[in-house]
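Working notes for the structure below.
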Amino acid sequence: MAKKQKPFRPKARRPRGFEDRPADAIRSETALIAKAFAVYESFGFEPLQTPAFEYADALGKFLPDEDRPNVGVFALQDDDEQWLSLRYDLTAPLARFVAEHYDALPKPFRRYQAGSVFRNEKPGPGRFREFTQCDADTVGAGGAVADAEMIMVAAEIARAAGLSDGQYAVRVNNRKLLDGILEASGVPNTQAGSVQRLQVLRAIDKLDRLGEDGVEALLGKGREDESGDYTDGAKLDPAGIKAVLGFTTASDPDRQATVATLSGLVGPSDRGRQGVDELAEIDRLLSATGFGPDRVSFDTSVVRGLGYYTGPVFELELLADITDRKGRPVRIGSIGGGGRYDDLVSRFRGQPVPATGFSFGVSRFVSALERMGAVEAAVQPPVLVTVFDRGLLPHYFALASELRAAGIRAEVFTGSGNVTKQLKYADRRGVKLAVLVGSDEHEAGEVTIKDLPLGADMAKAIETNEEWKSARPAQRTVPRDQAAAVIAEMLED
RNA sequence: GCCGCCUUAGCUCAGUUGGUUAGAGCGCCUGCUUGUGGAGCAGGAGGUCCUUGGUUCGAGACCAAGAGGCGGUACCA
């Protein structure tokens, strides 16, 4: 005889960095997405959905290699041996889509999209390996006009989300300015200088956390942190470090003043000049449209991660109602941003295709809104029609249907168990009103409506079970044809 | 990736210098009560003590490796 075999039971567990999302989170996230979509639509953007998987080479250079096979991107081999990757953002797939259908699309092509993106990285607090992004992009429009529009879209979404002006700020910078300054410091604006430029960007990004000294170290030789880990520096010369630090602190609350300051800083570099001109144009368009400095400012410390940005970049930042010592609103953090990425589509086509976009992290935005107390009330739980008598189920369903027709969320108990169990279920669901119809009520053409929170409250004064049972607190019996009206009224308060 | 801390019931945790059958509170289920939530009372289910290997007469406890979790740092298209 074979040994007694244990049945195989899989462990009910979830891969790290992936989340199950509860009802309230889903509701507030879909509500935010709906508001953002409304803004995108109002600006004339069209919806588009691309698939979760793309060919790995279409997404970028993040092919799995022998040394670090699982860094950054989730990849697997198709049955034809081609590498597929889960998208890590919505921008790279858009570039592929536009390149694939280039001739058939109107230019500029303007689309919006929300969807899950996947990053194969170590998850952390508020950081997951799957999360939802919500984007809009304009492909095929150069200059700074489309960028100005994206900035307006970002500010309008903040408003649509329920924030008042002053609770958010769009901060705008331009990659070309830094390119120009680095060029003057001997970092060529070519492939050869790209690693160094990246290191400079990463260093500037840490200004908040490390302060000027730390950033200075990262711009120069490098820096060792408390755990003894060493970060290699950008190895700029002292003059270059000074120029970069001077640039990052050059902005002023007044946009035109900042443009003037920058104009002096970039010197003779063509690229730098271009960057200044673009900011000046953005300012003109924003000002003419009524986007004042309280909503959009120029901020030379804005970096936007790294990678493919080639021109104007911006972040949507949320601000707490409290202010710091200098009277400025406290930053809650960046919940989204965007910028110009002129090289992403041309990767596929070999000819220049300008593009610009905006993207925000949906759950990050929602949790910031929660912290700011700017979320709306949760959905009301349903009215529960309890099942006293299974023979009366047709009546229960008819009653629930009438309640729904009156705009009331209603549910017939579909499980098994006596009324005790059903009321426990109702408690657990947070139900406010339960409808009780036994044969007595049914024959009399009546329904009993029980107010559960009120009943629970009244129960506190009751000592004995007999008293509890005979009191039957917080319920009333009404004629059945008045049920919907009475319930609607009782739900009001 | 690097550094540190942690892992015993659904949850929060106790568990003596290594010693019989691993505990508590809360939660959950059943009954008292086949037409009513709470309280009370009575009963019950639930554990590969994260995994594997080692030390030992004996390991939940000690050692090693791994996994998972948390925090920091790096990275974040």
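A, B, ... follow the sequence lines: proteins, then strands. Residue 1 opens every chain.
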Does a side-chain N or O from [X] land closer than 4.0 Å to OP1 or OP2 of [N], or not?
X	N	value
A:Arg209	B:A74	yes
A:Thr420	B:U36	no
A:Arg428	B:C28	yes

[X] [atom1] to [N] [atom2], straight-line distance once rounded to whole Å:
X	N	atom1	atom2	answer
A:Phe413	B:G37	CZ	P	14 Å
A:Phe388	B:U36	CZ	P	7 Å
A:Arg347	B:A77	CZ	C1'	11 Å
A:Asn120	B:G1	CG	P	10 Å
A:Lys424	B:C28	NZ	P	8 Å
A:Phe128	B:C70	CZ	P	9 Å
A:Leu384	B:U36	CG	C1'	12 Å
A:Asp457	B:A39	CG	P	14 Å

Using the [atom1] atom on both, measure [N] against [M] and round to a whole Å.
N	M	atom1	value
B:G10	B:G1	P	30 Å
B:C29	B:G37	P	14 Å
B:G58	B:U20	C1'	11 Å
B:G53	B:C70	C1'	26 Å
B:A67	B:C50	C1'	8 Å
B:A9	B:A24	P	14 Å
B:G60	B:U16	C1'	14 Å
B:C6	B:G66	C1'	16 Å

Out of [options], whichever nucleotide has its closest atom nearest the side chain of [X]:
X	options	result
A:Ala456	B:G37, B:A77, B:A74	B:G37
A:Lys421	B:G69, B:U36, B:U30	B:U30
A:Asp89	B:C2, B:U36, B:A77	B:A77
A:Trp468	B:G37, B:C75, B:A77	B:G37
A:Thr231	B:A74, B:G68, B:C28	B:A74
A:Gln475	B:U36, B:A77, B:G69	B:U36

Checklist entry - So, do A:Tyr88 and B:A77 meet the stacking rule of ring centres under 5.5 Å and planes under 30°? => result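 Stacked: ring centres under 5.5 Å, planes under 30°.
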Checklist entry - Taking the side chain as C-beta and beyond, is there a heavy-atom pair between A:Glu402 and A:Arg480 under 4.5 Å? => result yes
Do [X] and [Y] have side-chain N/O donor and acceptor atoms under 3.5 Å apart?
X	Y	result
A:Asp137	A:Tyr341	yes
A:Glu441	A:Thr448	yes
A:Tyr102	A:Gln351	no
A:Tyr309	A:Asn173	no

Considering Watson-Crick and G-U wobble pairs with both distances under 3.5 Å, what does [N] pair with?
N	answer
B:A45	none
B:G1	B:U73
B:U51	B:A65

Item to check | Within residues 431-441 of chain A, residues whose heavy atoms come under 4.0 Å of RNA chain B | outcome: A:Leu436, A:Gly438, A:Ser439, A:Asp440, A:Glu441
At 4.0 Å (heavy atoms only), tell me whether [X] reaches a base, stays on the sugar-phosphate, or touches nothing.
X	answer
A:Arg127	base
A:Gln422	nothing
A:Asp427	base
A:Arg87	nothing
A:Asp451	base

If every non-hydrogen atom of [X] is compared with every non-hydrogen atom of [Y], which pair is closest and at what distance?
X	Y	answer
A:Ile449	A:Met490	CG2-SD, 3.7 Å
A:Pro382	A:Val431	O-CG2, 3.3 Å
A:Leu319	A:Arg171	CD2-NH2, 3.7 Å

Checklist entry - Relative to the ring of A:Phe18, is the ring of A:Phe74 parallel (under 30°), tilted (30 to 60°) or perpendicular (over 60°)? => result tilted
Next on the checklist: Assess the residue pair A:Glu183 and A:Arg271 against the criterion (salt bridge (Lys or Arg N to Asp or Glu O under 4.0 Å)); give the C-alpha distance rounded to whole Å, side-chain angles, the decisive distance to 0.1 Å, and a yes or no.
Outcome noted: CA-CA 9 Å; A:Glu183 215 173 336; A:Arg271 201 163 165 79; 5.9 Å; no
Next on the checklist: Under 3.5 Å, is there any donor-acceptor pair linking the side chain of A:Lys450 to the base of B:G35?
Outcome noted: no
Checklist entry - When the nearest nucleotide of RNA chain B is assigned to A:Lys206 and to A:Arg14 on a heavy-atom basis, which residue is associated with the more 5' position? => result A:Arg14
